[in-house]
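A note on names: the letters A, B, ... follow the listed sequences, proteins ahead of strands, and every chain is numbered from 1.
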Amino acid sequence: MKIWLMKSEPDVFSFEDLKTAKNKTTLWEGVRNYQARNFMRDEMKKGDIVLFYHSNCAEPGIVGLAEIASGEAYPDPSQFDPKSNYHDPKASRDNPRWVVVDVRYKKSLKHPVSLKEIKAHPKLSEMKVAQRGMRLSVQPVEEVHYKILQEEFWTGSSSA
DNA sequence: GCCAACGTTGGC
DNA sequence: GCCAACGTTGGC
């Protein structure tokens with residue numbers, strides 16, 4: 001079981017949007033970075049934990065927990081859609097370039113863990129997301145960091 | 001809105 | 001294959 005951090009701009013698609021989505025599930029469309037794609041295509045497994053991260057907003061940080069709900073990655077339909085912002089003219093149905101996975105809402109957090117808190121924490125500051133210039137929108141999270149998040153932020157009254 | 005850091009593109 | 005130019009990300 002792996003743990004992932006997935007970024008989304010709340011103006012585009014927020015954790016609240018995921019919670020209210022049909023079946024509380026969405027396909028994670030629009031990833032247009034090869035490294036991120038390869039994680040989704042090669043390494044994600046159904047049931048993996050997802051830390052849902054809000055980026056490019058007033059309070060960037062981890063706002064909720066989700067999980068991978070699809071068995072395998074499959075072609076991102078938006079790449080074939082000329083009207084989509086995510087359209088990729090170089091992709092074809094015979095030779096798709098981009099994939100999606102399904103992400104399902106799991107749990108909200110009463111107290112999101114802000115990027116500020118992550119950076120201020122002696123261990124969490126090692127996380128990729130805290131590193132300077134790190135733009136990768138899908139990134140693996142080390143188990144030790146997930147444990148710290150659980151034990152120091154999400155136990156007892158701090159989890160919803 | 002600014003801008004540093006990054007990834008991609010394309011000319012050569 | 002190099003690398004300058006460009007577009008994007010995302011914190012601040």
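The only member of A/Arg32, A/Lys83, A/His87 that meets side chain to side chain donor-acceptor pair (under 3.5 Å) when paired with A/Ser78 is A/Arg32.
C/dC12 atom P lies 10 Å from atom CD of A/Glu59, rounded to whole Å. Atom P of nucleotide C/dG11 and atom CD of A/Glu117 are separated by 15 Å, given to the nearest angstrom. With rounding to whole Å, A/Lys116 atom NZ is found 8 Å from C/dC12 atom P. For the pair A/Arg32 CZ and C/dG10 P, the interatomic distance rounds to 15 Å; values are reported in whole Å.
Looking only at side-chain heavy atoms (C-beta outward), A/Leu109 and A/Phe15 stay at 4.5 Å or farther from each other.
The shortest heavy-atom contact between A/Gln131 and A/Glu126 is NE2-O, 2.8 Å.
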Notebook entry, point to check: A/Glu117 and A/Phe153: side chain to side chain contact (heavy atoms under 4.5 Å, CB included), yes or no, with the steps?
Noted result: CA-CA 10 Å; A/Glu117 288 173 293; A/Phe153 294 88; 3.9 Å; yes
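Of the N and O atoms on the side chains of A/Tyr74 and A/Asp102, at least one donor lies less than 3.5 Å from an acceptor on the other residue.
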Next item on the list: Between protein and nucleotides 1-9 of chain C, map the contacts as a letter string: B base, S sugar-phosphate only, - none, heavy atoms under 4.0 Å, written 5' to 3'.
Entry: ------BBB
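In this structure, A/Lys119 reaches the sugar-phosphate backbone alone: every heavy-atom distance under 4.0 Å involves primed, P, OP1 or OP2 atoms, never a base.
Note on A/Phe52: it does not cluster hydrophobically with A/Met127, by side-chain heavy-atom contacts below 4.5 Å among ILVMFWY residues.
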